[in-house]
Student: 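Once you've had a glance at the structure underneath, I'll fire off some questions.
Every number for a ligand or one of its atoms is a count from 1 in the order of the listing. Nothing fancy with the numbering, it's 1 onward along the sequence. As the structure is a computational prediction, the values presented were derived from the model and not from experiment.
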Amino acid sequence: MNDGGGRKFGPLGTALVIIPTYDEAENITGIVGRVRAAVPAAHILVADDNSPDGTGKLADELAAADEQVHVLHRTGKEGLGAAYLAGFAWGMEHGYDVLIEMDADGSHQPEELPRLLTALKGADLVLGSRWVPGGRVVNWPKSREFLSRGGSTYSRLLLDVPIRDVTGGFRAFRRETLEGLGLAEVVSQGYCFQVDLARRAVKVGYHVVEVPITFVERELGDSKMSKDIVVEALWRVTTWGVGERVGKILGKRPDAR
Ligand SMILES: Nc1nc2c(ncn2[C@@H]2O[C@H](COP(=O)(O)OP(=O)(O)OP(=O)(O)O)[C@@H](O)[C@H]2O)c(=O)[nH]1
Ligand SMILES: [Mg+2]
């Protein structure tokens, strides 16, 4: 990561915290309340994939009671990546200057949002990071830690991105940063979506900053992590990495696809 090249970064402006949900009825009310308390000026967009457990209806009730809370109802479960892309598009259409990714399950602590936003004053993209000094995970089984650290290390080495936590999903983007990432070409669905956006940001030359966070294992509701998500990540990261290497050998300019 570079030092920003002495660039000047503009003021932050209005922020939108995008929370994708699928069956988070036990978590949504608490997390929305915590975000509102931690960053009172920010707005929230719940991007719900028609959760069978009624998360969308609960979010509607929260939105009816608070004009800073909004809900994007999607027709069915299409994965985290598609929900975020729809959320980003909504946020940009509505003129927000900063777009934030955050899980609904409490793993990303809203109380750490002000630190992410402070760091964004001098960056194009801020990543909440478990694997930089000061970052940590609480109550995670060793197997999950192994998978997450292993996934980050594999991606970092294969894709040549100098980021310690490349799969994390607690992030703050400037609107201009998102506009430069080529989102129309992103097809990643599961958590390789996060790897995809990070590698694009590095390739464009954006100033990416990792801020240590304390990631807390979810206490309520079920994980959506699945074997398919791991297989998709492994497959896509390997394809990107091999493609770039072959491209370099053939002397082609790297593209972000
Ligand atoms: N809209 C939408 N949200 C999703 C989808 N899959 C997961 N999410 C949400 O994305 C966030 C992250 O999903 P998690 O199940 O917590 O995934 P994870 O953090 O890898 O797994 P755990 O550590 O076990 O919680 C949560 O807020 C989920 O509700 C999806 O297909 N659509
Ligand atoms: Mg989670």
Student: When you group the ILVMFWY residues by side-chain heavy-atom contacts below 4.5 Å and let the links chain together, are I163 and L234 in the same group?
Tutor: yes
Student: Does only the side chain of S107 get under 4.0 Å from ligand 1, or the backbone, or both, or neither? Count heavy atoms.
Tutor: neither
Student: Indicate if V35 and I213 have the same hydrophobic cluster label, given that clusters are the connected sets of ILVMFWY residues with side-chain heavy-atom separations under 4.5 angstrom.
Tutor: yes
Student: What's within reach of the Mg ion (ligand 2), meaning protein N/O/S atoms under 2.8 Å?
Tutor: D105 OD2
Student: Can you list the atoms of ligand 1 that are under 4.0 Å from a heavy atom of R218?
Tutor: 14 (P), 15 (O), 16 (O), 25 (O)
Student: I need the atoms of ligand 1 closer than 4.0 Å to a non-hydrogen atom of G79, numbered in the order shown.
Tutor: 30 (C), 31 (O), 32 (N)
Student: For A233, enumerate each residue passing the side-chain contact (heavy atoms from CB on, under 4.5 Å) test, keeping only those at least two apart in sequence or located in another chain.
Tutor: Y191, C192
Student: Could you go through D97 and R174, starting from their C-alpha distance and side-chain angles, then the distance that decides it, and tell me whether this counts as side chain to side chain contact (heavy atoms under 4.5 Å, CB included)?
Tutor: CA-CA 6 Å; D97 304 299; R174 286 176 182 270; over 6 Å; no
Student: Is ligand 1 less than 4.0 angstrom away from at least one heavy atom of E217?
Tutor: yes
Student: Is there any N or O on A83 that sits under 3.5 Å from an N or O of ligand 1?
Tutor: no
Student: If you count heavy atoms of other groups shown closer than 6.0 angstrom to CD of E179, is the number above 12?
Tutor: yes
Student: Please step through side chain to side chain contact (heavy atoms under 4.5 Å, CB included) for the pair V98 and T14, ending with a clear verdict.
Tutor: CA-CA 6 Å; V98 172; T14 54; over 6 Å; no
Student: Filter on side chain to side chain donor-acceptor pair (under 3.5 Å), then keep only pairs touching residues 226-235, sequence neighbours left out; what's left?
Tutor: E232-R236
Student: Name all residues meeting the ring pair (Phe, Tyr, Trp, His ring centres under 6.0 Å) criterion together with W140; count only those two or more places apart in sequence or in a different chain, and write none if there are none.
Tutor: F215
Student: May I ask whether V202 and Y154 are part of the same hydrophobic cluster, defined by side-chain heavy atoms of I, L, V, M, F, W, Y residues being less than 4.5 angstrom apart, directly or through others?
Tutor: yes
Student: Which residue and non-hydrogen atom of the protein lie closest to atom 20 (O) of ligand 1, and at what distance in Å?
Tutor: R144 NH2, 3.3 Å
Student: Report the part of K224 (side chain from C-beta onward, or backbone N, CA, C, O) that has a heavy atom under 4.0 Å from ligand 1; answer both or neither where that applies.
Tutor: both
Student: Please determine whether the number of non-hydrogen atoms from other residues, nucleotides or ligands lying under 6.0 Å from atom CG of D222 exceeds 12.
Tutor: no
Student: Indicate, with yes or no, if V208 and V132 share a hydrophobic cluster defined by side-chain heavy-atom contacts under 4.5 Å among Ile, Leu, Val, Met, Phe, Trp and Tyr.
Tutor: no
Student: Heavy-atom contacts with T21 under 4.0 Å: which atoms of ligand 1 show up? List them by number with element.
Tutor: 1 (N), 2 (C), 3 (N), 29 (O)
Student: Looking only at distances, please establish whether an N/O atom of ligand 1 is found under 3.5 Å from an N/O atom of D48.
Tutor: no
Student: Regarding ligand 1, does A104 bring an N or O atom to under 3.5 Å of one of the ligand's N or O atoms?
Tutor: yes
Student: Are L125 and L127 packed together at the side-chain level, in the sense that at least one heavy-atom pair is separated by less than 4.5 angstrom?
Tutor: yes
Student: Just jot down the ligand 1 atoms closer than 4.0 angstrom to any heavy atom of A47, in number order.
Tutor: 1 (N)
Student: For D222, is at least one N or O under 3.5 Å away from an N or O on ligand 1?
Tutor: no
